[in-house]
Amino acid sequence: MDNTLIVFASHHGTVEKCARELFRLIEGKVDICNLNRRDFLPDLSGYEAVIVGGSIHSGKIQQEISSFCHHNLELLATKRLGLFINCVYSGERAQQQLDEAFPETLNRKAVVRDSFGGEIDKLKLGFWERVVINRMIEKGDLVVAISKEKIERFANVMSSVNEPKEQ
């Protein structure tokens with residue numbers, strides 16, 4: 001059985017919702033770690049596969065995810081790796097945000113990468129976040145739903161891949 005770790009950061013709950021759905025769907029032994037609620041990280045060397053996920057705010061992934069990836073770059077590059085983001089865009093804009101969210105080395109190494117969409121709960125947003133979101137909604141630029149199909153496809157790839165792809 002594979003041993004998988006899902007590492008994520010979630011400020012408003014959307015990434016956590018997606019990480020927990022992956023936790024439910026991934027085959028084998030799976031551990032989950034919210035970087036916003038941990039003072040320590042499990043030893044990555046004990047895992048065959050690692051999934052890293054975060055959300056995009058103001059065009060960037062959370063600092064917790066960025067720091068985690070940079071501090072563990074070499075070790076992550078030896079794992080079967082999956083990368084995901086939550087963002088409120090689709091198409092090319094979501095792809096661009098996914099490409100910029102993680103270091104190029106990890107983007108090339110990942111066996112699966114995707115953007116799962118996003119949700120907006122205005123009650124969880126700060127004042128300025130609400131102002132920005134309202135302007136974006138007015139323009140009609142947003143995707144405000146999580147794609148269960150993308151999460152299922154991602155989980156299937158992570159569960160079925162035996163070896164990391166060669167680059």
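- Between E104 and R108 there is a salt bridge, with a side-chain nitrogen of the basic residue lying less than 4.0 Å from a carboxylate oxygen of the acidic one.
- With rounding to the nearest 0.5 Å, the separation of SG in C33 from OH in Y47 is 8.5 Å.
- Using a 4.5 Å heavy-atom cutoff, the side chains of T4 and D31 are not in contact.
- The residues R20 and E16 are annotated as salt-bridged, a charged nitrogen and a carboxylate oxygen being separated by less than 4.0 angstrom.
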Exercise. Yes or no on side-chain contact (heavy atoms from CB on, under 4.5 Å) for I65 and L35, after CA distance, side-chain angles and deciding distance?
Worked result: CA-CA 8 Å; I65 294 297; L35 294 177; 3.8 Å; yes
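- Nearest heavy atom pair, residue L75 against residue S45, reads CD2-N, 4.0 Å.
- Side-chain atoms of S55 and I61, non-hydrogen and from C-beta on, never get closer than 4.5 Å to each other.
- A side-chain N or O of Q96 and one of E100 form a donor-acceptor pair less than 3.5 Å apart.
- Around the NE2 atom of H71, the shell of radius 6.0 Å holds no more than 12 heavy atoms that belong to other residues, nucleotides or ligands.
- Nearest heavy atom pair, residue N107 against residue D99, reads ND2-O, 2.9 Å.
- Rounding to the nearest 0.5 angstrom, the gap separating the CZ atom in F68 from the CG atom in L73 is 10.5 Å.
- When atom types are taken as modelled, the side chain of R80 and the backbone of M158 share a donor-acceptor pair closer than 3.5 angstrom.
- Atom-to-atom distance recorded for F84:CZ and I51:CD1 is 7.5 Å, nearest 0.5 angstrom.
- The backbone N or O of F116 sits nowhere less than 3.5 Å from a side-chain atom of D114 that would complete a donor-acceptor pair.
- Side chain to side chain, N156 and E152 fail the donor-acceptor criterion of an N or O pair below 3.5 Å.
- Counting only N and O atoms by type, the side chains of Q97 and S115 include no donor and acceptor under 3.5 Å apart.
- Considering every non-hydrogen atom in both I85 and L98, the closest pair reads CD1-N, 3.5 Å.
- Here F8 pairs with nothing under the ring-ring contact (aromatic ring centres under 6.0 Å, His included) rule; sequence neighbours left out.
- For the residue pair N36 and E64, the shortest heavy atom distance occurs at ND2-OE2, 2.9 Å.
- Nearest heavy-atom pair, V15 versus S10, reported as atom, atom and distance to 0.1 Å: N-OG, 3.6 Å.
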For this session: Carefully, step by step, assess E48 and K79 under the rule side-chain contact (heavy atoms from CB on, under 4.5 Å).
Result: CA-CA 6 Å; E48 298 169 42; K79 305 294 179 183; over 6 Å; no
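- Formation of a donor-acceptor pair under 3.5 Å by the N3 side chain with backbone atoms of G46 is found in this model.
- A donor-acceptor contact shorter than 3.5 Å links the side chain of S159 to the backbone of E27.
- Separation of atoms CD1 (I32) and CZ (F23) is listed at 6.5 Å; rounding is to 0.5 Å.
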Problem set entry | Intermediate values then yes/no, side-chain contact (heavy atoms from CB on, under 4.5 Å), L44 and L5 | CA-CA 8 Å; L44 296 181; L5 175 64; 3.4 Å; yes
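- Atom CG of L83 sits about 6.5 Å away from atom CZ of R113, to the nearest 0.5 Å.
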Exercise. Between L41 and N72, does a side-chain contact (heavy atoms from CB on, under 4.5 Å) hold up when you go through it step by step?
Worked result: CA-CA 11 Å; L41 182 69; N72 295 287; 4.3 Å; yes
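- From I6, atom CD1 reaches atom CD1 of I26 across 6.0 Å, with rounding to the nearest 0.5 Å.
- Here the closest heavy-atom approach between residue C18 and residue I146 is recorded as SG-CG2, 3.7 Å.
- Looking only at distances, no side-chain donor or acceptor of S66 sits under 3.5 Å from a matching main-chain atom of Q62.
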